[in-house]
**Student:** 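Below you will find the structure I want to go over with you.
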Amino acid sequence: MGIGGIGGLDREAHVAEGTGAAAAPRTLAEALRARGDEGLAALLRARPDLLNPVPNDLTQLATRAGTRGSVVRALERLDRFALQTAEALAVAPDPAPYPVLLALLTGDEGDPAIEAALPGAVALLREQALVWGEDDRLRLVRTARELLSPSPQHPSPTGLGPTVAEATSGMSPGRVQEIIGAAGLPATHDPVSAVAALTGLFTDRARMGALLDGAPPEALAVLDRLVWGPPYGEVTANPAPPVRWLRDRGLLLPVSARTMVLPREVALHLRGGRAHRAPEPVAPEVAVLREHRPQVVDGAAAGQAYTALATVEELLKSWDKGGPQVLRAGGLSVRDLRRTAAALDVTEQVAAFWLELCHGAGLLASDGEADERYAPTPAYDDWLDLPPAERWARLVTPWLASTRTSGLVGGQDAKGRALSALGPDLDRAAAPEVRHRVLGLLATLPPGAAADPETVFARLRWERPLRGAAAGPATESTGPGPALPDDLRSRLARWALAEAELLGLTGRGALSAPARALLNLPLAEAASPADEGGGVEESVAAERAATLLAPLLPEAVDHVLLQADLTAVAPGPLRRPLADALAVLADVESKGGATVYRFTPGSVRRALDSGLTASDLHDFLTAHSRTPVPQPLAYLVDDVARRHGHLRVGAASAYVRCDDDTVLGEILADRRSAALGLRRLAPTVLAAQADPAALLDGLRAMGYAPAAESAEGDVLVTRADAYRTPARTAPVPVPDGPPAPDATLLHAAVKAIRAGDRAATAVRREPSAPTPAGSLPRTSSAETLATVQAAAMTGSAVWIGYVNADGAASQRVIAPVRVEGGFVTGYDHTADEMRTYPLHRITGVAELADD
């Protein structure tokens with residue numbers, strides 16, 4: 001029952017014995033050669049790394065499919081039962097008949113669920129070229145066997161140890177004879193037959209049962225501790241009697257002076273023939289936590305989508321004049337993240353999510369200046385001009401594809417460095433796949449049903465058990481609530497659920513109709529056939545999602561309600577021009593179902609600084625208020641406007657000029673002006689050591705309302721939204737391996753591999769001088785010319801060796817049609833096209849066999 005590997009993919013199988021041996025594939029390459037084009041396309045679709053570059057022939061494809069890196073990637077994408085099937089093959093004899101594999105998974109008692117699921121698992125492994133051979137001789141590729149077979153350095157997930165033959169390989173012949181004697185077996189003449197006899201005893205259920213019936217209870221307790229793994233145990237120099245009893249009969253075999261191992265055959269007998277304690281042939285079901293009416297779900301999701309838009313606008317508007325500085329190592333400082341969280345009234349983890357969302361959508365970036373800081377991009381202004389539903393689609397579409405993972409913020413990287421928002425090392429290639437899969441699992445539930453999160457995590461762990469386990473323990477802070485699972489996919493799934501709720505893709509935990517459209521999933525039964533998803537482009541899906549969301553969002557209003565306490569109430573979301581103008585004229589006091597704005601002297605002065613006049617403000621308020629303009633508000637506007645621009649500030653370093661010299665005298669006499677370094681240059685002009693901006697702020701702090709002026713003496717109009725970064729592109733997601741090939745590429749690749757394989761396996765006539773296997777044919781120039789000319793005349797194909805201009809050698813099958821001017825033109829069966837080759841680069845030529 002040894003499972004030692006055989007070197008080389010083309011040497012993995014010997015010629016099959018018995019009836020039908022000629023038909024059985026002897027190598028993985030032969031097994032691939034027996035597949036149809038659809039089978040090859042399925043392999044390349046499942047393992048796209050095999051296409052980079054396109055293999056020359058099927059032998060090269062088989063070799064590449066057996067490399068360690070490619071096999072590891074393929075194993076990581078297996079579900080739990082397919083992986084358990086591969087693990088069972090790794091501890092089975094090589095090759096293993098299908099009944100032996102089935103017995104390892106079902107045990108002596110059998111399991112209908114496993115019996116039903118096993119053919120599909122074997123077909124999946126065979127499709128991905130991890131298993132090859134017919135059902136009577138199933139073989140796991142050598143690299144996969146090495147990765148999954150038990151060893152002291154890499155214990156098998158099955159918990160099994162080495163076979164009797166492997167464990168006794170270094171044992172002296174005398175000691176082997178002692179063991180078979182203690183086990184009640186007759187002595188043999190050589191160690192090989194002795195090991196075979198001991199193996200036969202351990203695999204014979206009746207004799208093995210009789211042997212264990214005579215074991216001391218303490219010895220059986222030792223076996224119970226080792227049976228499900230790990231199979232290794234430490235012993236003292238003078239073991240206890242139960243351990244000696246087991247050791248003497250080979251039920252425990254020595255690995256070293258202090259370590260014993262339970263042989264695989266013994267463990268399988270004690271387990272009832274099962275390789276795994278708990279095979280999982282069926283994927284865990286996603287359970288329903290609670291149910292709501294679909295209309296309630298869509299309404300809740302739409303409300304959260306509107307909140308998401310308002311949050312993004314509030315965040316980026318607060319950074320209109322330039323945001324926080326970029327850390328030297330990249331990203332946002334902890335202090336600035338806390339300020340952002342306080343301004344948005346959310347936790348730091350949620351604030352990091354909004355920042356990463358804006359960054360991923362291309363609305364936020366660093367300006368690239370020497371004193372680098374974050375600011376909105378020009379794309380933000382274009383985004384603001386879109387309808388609300390389209391703005392929402394522009395946010396969630398990049399989120400689905402982004403590999404940026406805000407949940408990592410606050411944790412540490414592998415070197416113990418803190419992970420900051422907008423900083424490096426936040427990309428996780430698995431994030432897009434997990435987000436799509438989580439939302440896809442929610443879509444399997446009835447409309448309006450919310451899933452139990454723990455069952456979602458269990459399903460994801462079943463679908464990709466190795467990918468989660470490879471991630472290692474969590475190091476990031478997870479906030480309040482239950483502890484997160486340690487594997488990365490579960491943490492990504494938990495974050496995806498929370499972020500989908502924040503974005504309005506889900507409402508009350510259930511998937512909304514716009515989210516289904518965005519994911520190209522079928523909509524509710526009431527939807528028209530034109531609304532059914534499936535295979536549409538991403539932009540079309542986003543447009544459909546926005547169309548479904550638009551009627552659910554609150555309609556924008558074009559008016560406010562002015563009140564006597566210098567406030568204005570917006571009874572709903574304001575239209576864009578009104579919202580922008582009111583944001584300059586007033587300050588937001590509170591938010592909720594209705595936004596409350598407050599008018600202050602500072603806010604009115606801000607509007608006047610933007611170039612508006614008092615009459616403009618009066619007209620604006622009258623036009624957009626459903627109530628009369630209160631007298632206190634009209635007085636406030638007139639009072640600020642009367643004093644606005646009475647003083648003029650310019651650059652000298654800075655200066656102040658005013659027609660009323662008594663006002664300048666008051667400023668000079670005021671102690672608060674000392675820091676500005678003022679001195680009188682003329683009765684109506686003061687010079688300052690401070691710059692114009694500081695001088696403006698200082699005079700305003702003293703109660704004056706100065707206006708800035710240009711070098712020509714005109715009033716300088718300032719814009720509230722002045723600062724933007726240069727044009728920036730959104731961050732590109734980090735690919736999770738090679739991209740999946742499309743149908744066109746698959747068709748071309750299969751065609752090229754087939755053609756190359758025909759050339760590589762073409763049967764040639766024996767040359768006059770023997771040609772070493774795998775080498776290029778060698779013929780003289782005259783013989784080469786004569787052979788290709790004859791082939792052109794007869795229309796037959798020939799086999800050539802060719803060296804291109806880069807010195808790369810290849811073998812090709814061509815059908816010459818014209819030979820002239822030192823070139824041969826013909827149909828290249830390898831490339832499947834007409835080509836022309838210089839005769840001096842053809843190393844040799846050979847005729848193909850007649851058959």
Side-chain angles (χ1 to χ4, degrees), residues 317 320-321 557-571 574-590 595-651 654-664 666-667 670 684-686 692-722:
K317 189 173 293 184
D320 257 342
K321 296 183 179 179
V557 298
D558 60 354
H559 64 274
V560 295
L561 305 176
L562 297 177
Q563 302 187 99
D565 60 350
L566 298 181
T567 61
V569 177
L574 298 177
R575 292 183 178 177
R576 174 59 46 202
L578 175 58
D580 292 341
L582 196 59
V584 177
L585 180 56
D587 299 322
V588 176
E589 187 170 83
S590 65
T595 304
V596 177
Y597 293 85
R598 178 164 294 279
F599 299 94
T600 65
S603 67
V604 174
R605 183 174 61 244
R606 185 170 64 231
L608 295 172
D609 286 344
S610 68
L612 299 175
T613 64
S615 61
D616 294 334
L617 299 183
H618 285 298
D619 293 342
F620 172 80
L621 295 173
T622 302
H624 294 94
S625 176
R626 288 292 176 88
T627 59
V629 178
Q631 193 176 55
L633 179 56
Y635 284 168
L636 175 65
V637 172
D638 291 337
D639 184 57
V640 174
R642 183 173 55 253
R643 294 184 294 117
H644 184 265
H646 190 55
L647 296 178
R648 299 294 184 91
V649 173
Y655 63 86
V656 183
R657 69 181 182 88
C658 181
D659 296 336
D660 190 347
D661 58 350
T662 59
V663 174
L664 298 182
E666 292 176 2
I667 294 175
D670 196 322
T684 59
V685 179
L686 297 179
L695 184 55
L696 279 168
D697 293 339
L699 292 176
R700 286 170 178 167
M702 294 167 60
Y704 298 96
E709 71 177 14
S710 65
E712 293 78 16
D714 300 322
V715 174
L716 191 61
V717 175
T718 59
R719 292 175 55 89
D721 54 347

**Student:** For the atom pair CG (Leu574) and OG1 (Thr595), what is the distance rounded to the nearest 0.5 Å?
**Tutor:**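 Leu574 atom CG to Thr595 atom OG1 measures 7.0 Å (nearest 0.5 Å).
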**Student:** Strictly distance-based, threshold 3.5 Å: is any side-chain N or O of Thr622 a donor or acceptor partner for the main-chain N or O of His618?
**Tutor:**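 Between the backbone of His618 and the side chain of Thr622 there is a qualifying donor-acceptor contact (under 3.5 Å).
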**Student:** With Tyr704 as reference, evaluate Arg643, His644, Glu666 under the side-chain contact (heavy atoms from CB on, under 4.5 Å) test and give the passing residue.
**Tutor:**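 Result: among Arg643, His644, Glu666, Glu666 is the only option passing the side-chain contact (heavy atoms from CB on, under 4.5 Å) with Tyr704.
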**Student:** Say you draw a straight line from CG of Asp697 to CE of Met702; how long is it, rounded to the nearest 0.5 Å?
**Tutor:**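 With rounding to 0.5 Å, CG (Asp697) is 13.0 Å from CE (Met702).
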**Student:** Between Asp616 (side chain) and Thr613 (backbone), is there a donor-acceptor pair under 3.5 Å?
**Tutor:**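 Judged by distance alone, yes, a pair lies under 3.5 Å.
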**Student:** Write down the atom of Pro706, the atom of Leu699, and the distance for their closest heavy-atom approach.
**Tutor:**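 For Pro706 and Leu699, the tightest heavy-atom pair comes out as CG-CB, 3.8 Å.
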**Student:** Walk me through whether Leu578 and Phe620 qualify under side-chain contact (heavy atoms from CB on, under 4.5 Å).
**Tutor:** CA-CA 9 Å; Leu578 175 58; Phe620 172 80; 3.5 Å; yes
**Student:** Would you confirm whether Arg626, through its side chain, and Leu561, through its main-chain N or O, come within 3.5 Å as a donor-acceptor pair?
**Tutor:**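 No: the side chain of Arg626 does not pair with the backbone of Leu561.
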**Student:** Between Arg598 (side chain only) and Ser590 (backbone N and O only), is there a donor and an acceptor less than 3.5 Å apart?
**Tutor:**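 Side chain of Arg598 to backbone of Ser590, a donor-acceptor pair under 3.5 Å: no, none is there.
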**Student:** Under 3.5 Å, side chain of Arg606 to main-chain N/O of Ala586, donor-acceptor pair present?
**Tutor:**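 Answer holds: yes.
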**Student:** Just how far is it from atom CD of Glu709 to atom CZ of Arg657, taken to the nearest 0.5 Å?
**Tutor:**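 Output value for this atom pair is 4.0 Å.
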**Student:** Search all heavy atoms of Ala564 against all heavy atoms of Pro632 and return the closest pair with its distance.
**Tutor:**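 So the two residues come closest at O-CG, 3.8 Å.
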**Student:** Looking at Asp638 and Ala614, what are the two nearest heavy atoms and their distance?
**Tutor:**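 Scanning both residues completely, I find the closest heavy atoms to be OD1-CB, 4.4 Å.
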**Student:** Counting distance only, does the side-chain N/O of Thr627 pair as donor-acceptor with the main-chain N or O of Leu562 below 3.5 Å?
**Tutor:**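 Yes, Thr627 side chain to Leu562 backbone: donor-acceptor pair under 3.5 Å.
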**Student:** Of the non-hydrogen atoms in Pro571 and Val560, which two are nearest, and what is the gap between them?
**Tutor:**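 That would be CD-CA, 4.3 Å.
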**Student:** Determine whether Asp639 and Arg642 satisfy the following criterion, salt bridge (charged side-chain N to carboxylate O under 4.0 Å, His left out), listing intermediate values before the conclusion.
**Tutor:** CA-CA 5 Å; Asp639 184 57; Arg642 183 173 55 253; 2.6 Å; yes
**Student:** How close do Cys658 and Val663 get, counting heavy atoms only, and between which atoms?
**Tutor:**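 Smallest interatomic distance, heavy atoms only, reads SG-CB, 4.3 Å.
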**Student:** Would you compute the distance between atom CG of Leu664 and atom OG1 of Thr684 and round it to the nearest 0.5 angstrom?
**Tutor:**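 Answer rounded to 0.5 Å: 7.0 Å.
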**Student:** If every non-hydrogen atom of Leu695 is compared with every non-hydrogen atom of Ala654, which pair is closest and at what distance?
**Tutor:**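 Closest heavy-atom pair between Leu695 and Ala654: CD2-CB, 3.7 Å.
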**Student:** Working to the nearest 0.5 Å, report the span between CD1 of Ile667 and CG of Asp670.
**Tutor:**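 Answer rounded to 0.5 Å: 8.5 Å.
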**Student:** Output the distance between atom CG (Leu633) and atom CD (Gln563), rounded to the nearest 0.5 Å.
**Tutor:**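 Going from the CG atom of Leu633 to the CD atom of Gln563 covers 11.5 Å.
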**Student:** For the CG atom on Asp619, are there more than 12 heavy atoms of other groups (residues, nucleotides or ligands in this structure) within a distance under 6.0 Å?
**Tutor:**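 Count over threshold, so yes.
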**Student:** Answer yes or no: is there a donor N or O on one side and an acceptor on the other, between the side chain of Ser610 and the main chain of Ala607, under 3.5 Å?
**Tutor:**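 Yes, because the side chain of Ser610 sits within donor-acceptor range (under 3.5 Å) of the backbone of Ala607.
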**Student:** Apply side-chain contact (heavy atoms from CB on, under 4.5 Å) to the pair Leu621 and Leu585, showing each step before the final yes or no.
**Tutor:** CA-CA 10 Å; Leu621 295 173; Leu585 180 56; 3.8 Å; yes
**Student:** Could you check Val640 against Phe599 for side-chain contact (heavy atoms from CB on, under 4.5 Å), going step by step and ending with a plain yes or no?
**Tutor:** CA-CA 12 Å; Val640 174; Phe599 299 94; over 6 Å; no
